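See below for the structure under consideration.
Just so you know, ligand 1 is whichever comes first in the structure, and atom 1 is the first atom listed for that ligand. Position 1 is the first residue of the sequence, and the numbers go up from there. None of these values were measured; they are calculated from a predicted model.
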Amino acid sequence: MLLEQKRSLVTGGAGFLGTHLCRLLLDQGHEVLCADNFSTGTRRNIEDLLDNRRFELFRHNVTFPLFVEVDEIYNLACPASPVHYQFDPVQTTKTSVSGAINMLGLAKRLKVRILQASTSEVYGDPAVHPQTEDYWGNVNPIGSRSCYDEGKRCAETLFFDYRRQHGLSIKVARIFNTYGPNMRPDDGRVVSNFICQALLGKDITIFGEGLQTRSFCYVTDLIDGLDRLMNSPEEIAGPLNIGNPNEFTIRELAEKILAITGSKSEIVARPLPEDDPRQRQPDIALAEKLLCWRPAVELDEGLRYTIAYFETFLREHGKSAASSTLIPRMR
Ligand code: NAD
Ligand code: UDP
C-alpha cells in the first residue's frame, strides 16, 4: 500500500544495485529520477523501465552540480568493481568526494533526506573480525585501492559534517560484497567472473591462494536493507553494516560455482592484487536491532538465481559479451 508518493533521485541508477533500487521504488509507487554517466552502468539494465511514466533517466556526472526537485536522494554513483575503480582512479576519488559534496548540497537546498552507499572497504584490510561499525579500519592511503577506499571514507566524513553543521537528514550504509542479476559479465568482480568463466568453460581465475574470505549478500536482501535504512527514524544515521555475515573463502566460492554449474573449468592461480583484504565479514547486529533486517537468501540459492541470469544473458547477447572477464592491472 502506498502511503506517500515520493520523487526519489537515484544516482548511479543504471548500475548493478541502482537498477534493483529503481525497480523497488517504482514498485512502491514512487517517481524515480535516475542520474547516471554510464561509465559502468548500462541502459540495457533499465530498458524495460523507460516506458514507465514515473521513471526518468538522464545522463549526468555527479562531479558536477545537479539542479532537480526531489523528496529524497540515494547516492549510489561510483564504480564498485576494483578493475573499474582503478581504471581512472582520479575520477573515482572525484566521484566519491565531489559527488558527495554536490549531492549533499542538493539535499541541503531541498531539505531532504540523503542516503550514501558506503562500503566495507572503509575497513580496509581489517584487523578486527567480524567488522563492527565502531572499528575505524586499516586502510592504505596511497595504494591502488585507495582512490575508492579513501574516497568513500571522505564521503562518510562529509555526510556526518553536513549532519552536524547543517542538520541534514543522512543515512550511511556500509555495503558488503553483493551479487546477483544485472551485474555486468565483464564487471570484474569475483562472482560474475567465476560464473561466466564456469559457463564458458574457461579457467577460473583465483587470485593468490584463494584463502582470503568474503561474505556475499544477495541483491534483493541488500536493497531491502537500503530501503529500511532510508525509511528509518531520523535519529538512525548509521553507519550501518548491510551484508550477509556468512563467510566463505574465495576457493570455496569457486568450488560452489563449479558444483552448481557442473562446469569442467579448471581452477588456476593468478597473482594476488595489491592490498587485497584478507578477510571480510559484517557484524550486522546493529542493522538487526535498528532496522529489524537480516538477509534471507543463502549463498547457494542466490548463486543459482545469478547463474540462471547469466545463462540467459549469454544465450541472448552472445558469448562475446563476456569474452574478457577482467582482472586487475598489476604494478
Ligand atoms: P556499478 O558500477 O554497477 O554501478 C555504479 C553506477 O554509478 C554505474 O551505473 C555508473 O555508470 C555510475 N557512475 C559512476 N560514476 C559516476 C559519476 N561520476 N556520475 C554519475 N554516475 C556515475 O556498482 P554497484 O555495485 O551498483 O555499486 C553501487 C554503489 O554501491 C557504489 O557507490 C558502490 O561503491 C556501492 N557498493 C557496492 C557494493 C557491491 O558489492 N555491489 C559493495 C559496497 C559498496
Ligand atoms: N578475485 C579472484 N578472482 C577473480 C576476481 C576476484 O580471486 O577473478 C578475488 C579478489 O582478489 C578478492 C575477492 O575475489 O580477494 C573479491 O574480489 P572482488 O573484486 O569481487 O571484490 P573486493 O571485495 O575485493 O572489492
Side-chain angles (χ1 to χ4, degrees), residues 10-21 34-43 45-46 58-64 66 74-86 88 91-92 94-96 98-100 102-103 115-122 125 145 148-149 151-152 155 173-180 182-184 187-197 202-217 219 222-223 226 241-243 248-251 253-254 267-280 325-328:
V10 180
T11 74
F16 162 49
L17 297 183
T19 57
H20 289 271
L21 178 61
C34 170
D36 206 294
N37 71 350
F38 300 109
S39 52
T40 58
T42 64
R43 288 173 70 89
N45 276 344
I46 39 173
F58 57 99
R59 184 181 291 269
H60 178 76
N61 187 327
V62 293
T63 61
F64 297 99
L66 177 63
Y74 288 87
N75 188 36
L76 271 60
C78 186
S81 158
V83 188
H84 289 143
Y85 69 65
Q86 289 170 29
D88 187 349
Q91 180 63 21
T92 298
K94 277 190 190 171
T95 294
S96 277
S98 303
N102 288 325
M103 292 310 115
L115 180 145
Q116 167 69 354
S118 191
T119 168
S120 53
E121 284 287 318
V122 300
D125 188 14
R145 294 176 86 98
Y148 184 74
D149 300 10
K152 289 285 189 180
R174 287 186 178 155
I175 302 172
F176 282 65
N177 297 66
T178 302
Y179 67 100
N182 292 4
M183 294 185 92
R184 287 165 56 142
D187 179 86
R189 281 177 276 189
V190 68
V191 175
S192 47
N193 266 11
F194 285 2
I195 291 177
C196 291
Q197 288 164 343
K202 291 173 155 190
D203 289 346
I204 307 276
T205 53
I206 285 193
F207 300 162
E209 292 176 41
L211 299 179
Q212 68 273 37
T213 68
R214 295 292 186 273
S215 307
F216 298 99
C217 186
V219 63
L222 191 282
I223 298 298
L226 294 188
N241 290 340
I242 308 281
F248 298 88
T249 67
I250 293 305
R251 185 168 287 277
L253 175 74
I267 290 181
V268 298
R270 292 281 181 271
L272 188 67
E274 181 191 26
D275 294 336
D276 199 289
R278 280 163 298 176
Q279 53 182 2
R280 191 182 284 157
T325 44
L326 295 169
I327 59 173

Consider every N or O of F16 and every N or O of ligand 1, then say whether any pair is closer than 3.5 Å. yes
Ligand 1 atoms nearer than 4.0 angstrom to some heavy atom of S39 are 10 (C), 11 (O), 13 (N), 14 (C), 15 (N)
Any nitrogen or oxygen of N75, side chain or backbone, less than 3.5 Å from one on ligand 1? no
Test item: S98 side-chain N/O and S96 main-chain N/O as donor-acceptor pair under 3.5 Å: no
Okay, side chain of N61, backbone of N37: is any donor-acceptor separation there less than 3.5 Å? no
Does some side-chain heavy atom of F207 sit less than 4.5 Å from a side-chain heavy atom of V190? no
Looking at atom 2 (O) of ligand 1, what's its closest protein heavy atom, distance included? T40 OG1, 2.7 Å
Give the contacting part of R270 toward ligand 2: side chain, backbone, both or neither, where contact means a heavy-atom distance below 4.0 Å. neither
Just need the protein heavy atom nearest to atom 11 (O) of ligand 1, so name the residue and atom and give the distance. D36 OD1, 2.6 Å
among protein heavy atoms, the one nearest atom 16 (C) of ligand 1 is N37 OD1, 3.3 Å
Among T205, D276, I204, whose heavy atom sits nearest atom 10 (C) of ligand 2? D276
Any nitrogen or oxygen of V191 lying under 3.5 Å from a nitrogen or oxygen in ligand 2? Just yes or no. no
Are any of the N or O atoms of N177 closer than 3.5 Å to those of ligand 2? yes
On a heavy-atom basis, I'd like to know which of A14, G15, G99 is closest to atom 4 (O) of ligand 1. G15
Could you list the atoms of ligand 2 found under 4.0 angstrom from a heavy atom of R145? 22 (P), 24 (O), 25 (O)
Here the atoms of ligand 1 under 4.0 Å from any heavy atom belonging to K152 are 31 (C), 32 (O), 33 (C), 34 (O)
For ligand 1 and V62, I'd like to know whether there is a polar contact (N/O to N/O, distance under 3.5 Å). yes
Ligand 1 versus Y148, non-hydrogen atoms closer than 4.0 Å: side chain, backbone, both, neither? side chain
Taking only non-hydrogen atoms of K94, do any sit less than 4.0 angstrom from ligand 1? no
Just which atoms of ligand 2 are under 4.0 Å from any heavy atom in I250? 7 (O), 13 (C), 14 (O)
With a 4.0 Å cut-off on heavy atoms, is Q197 touching ligand 2? no
Find all atoms of ligand 2 within a distance of less than 4.0 Å from any non-hydrogen atom belonging to Q212, and give their numbers and elements. 9 (C), 11 (O), 15 (O)
Any N/O of I206 closer than 3.5 Å to an N/O of ligand 2? no
Could you list the atoms of ligand 1 found under 4.0 angstrom from a heavy atom of H60? 19 (N), 20 (C)
Using heavy-atom distances only, which candidate in C78, A80, G41 approaches atom 5 (C) of ligand 1 most closely? C78
Which heavy atom of the protein is the closest neighbour of atom 40 (O) of ligand 1, given with residue, atom name and distance? T178 N, 2.8 Å
Please identify which atoms of ligand 1 are closer than 4.0 Å to at least one heavy atom of N177. 40 (O)
Going by the order shown, which atoms of ligand 1 are within less than 4.0 Å of some heavy atom of S118? 43 (C), 44 (C)
Could you tell me whether ligand 1 has any atom less than 4.0 Å away from a heavy atom of L76? yes
At a 4.0 Å threshold, what atoms of ligand 2 neighbour a non-hydrogen atom of R189? 19 (O), 20 (O)
Go through ligand 1 atom by atom and flag the ones less than 4.0 Å from a non-hydrogen atom of F38. 11 (O)
Would you say N61 and ligand 1 have an N/O pair spaced under 3.5 Å apart? yes
Quick check on contacts: which atoms of ligand 1 are under 4.0 angstrom from a heavy atom of G12? 6 (C), 7 (O), 9 (O), 12 (C)
For E121, the ligand 2 atoms with a heavy-atom partner under 4.0 Å come out as 25 (O)
Can you tell whether the side chains of K152 and E121 come within less than 4.0 Å, N to carboxylate O? no
In terms of ring plane angle, is the pair Y179 and F216 parallel, tilted or perpendicular, where the classes change at 30° and 60°? perpendicular
Test item, S81 contacting ligand 2 (heavy atom, 4.0 angstrom): no
Donor-acceptor pair, R214 side chain versus F176 backbone, under 3.5 Å? no
Can an N or O of I175 be found at a distance shorter than 3.5 Å from an N or O of ligand 1? no
With a cut-off of 4.0 Å, which atoms of ligand 2 are near a heavy atom of N193? 4 (C), 5 (C), 8 (O)
R189 touching ligand 1 at heavy-atom level, < 4.0 angstrom: yes
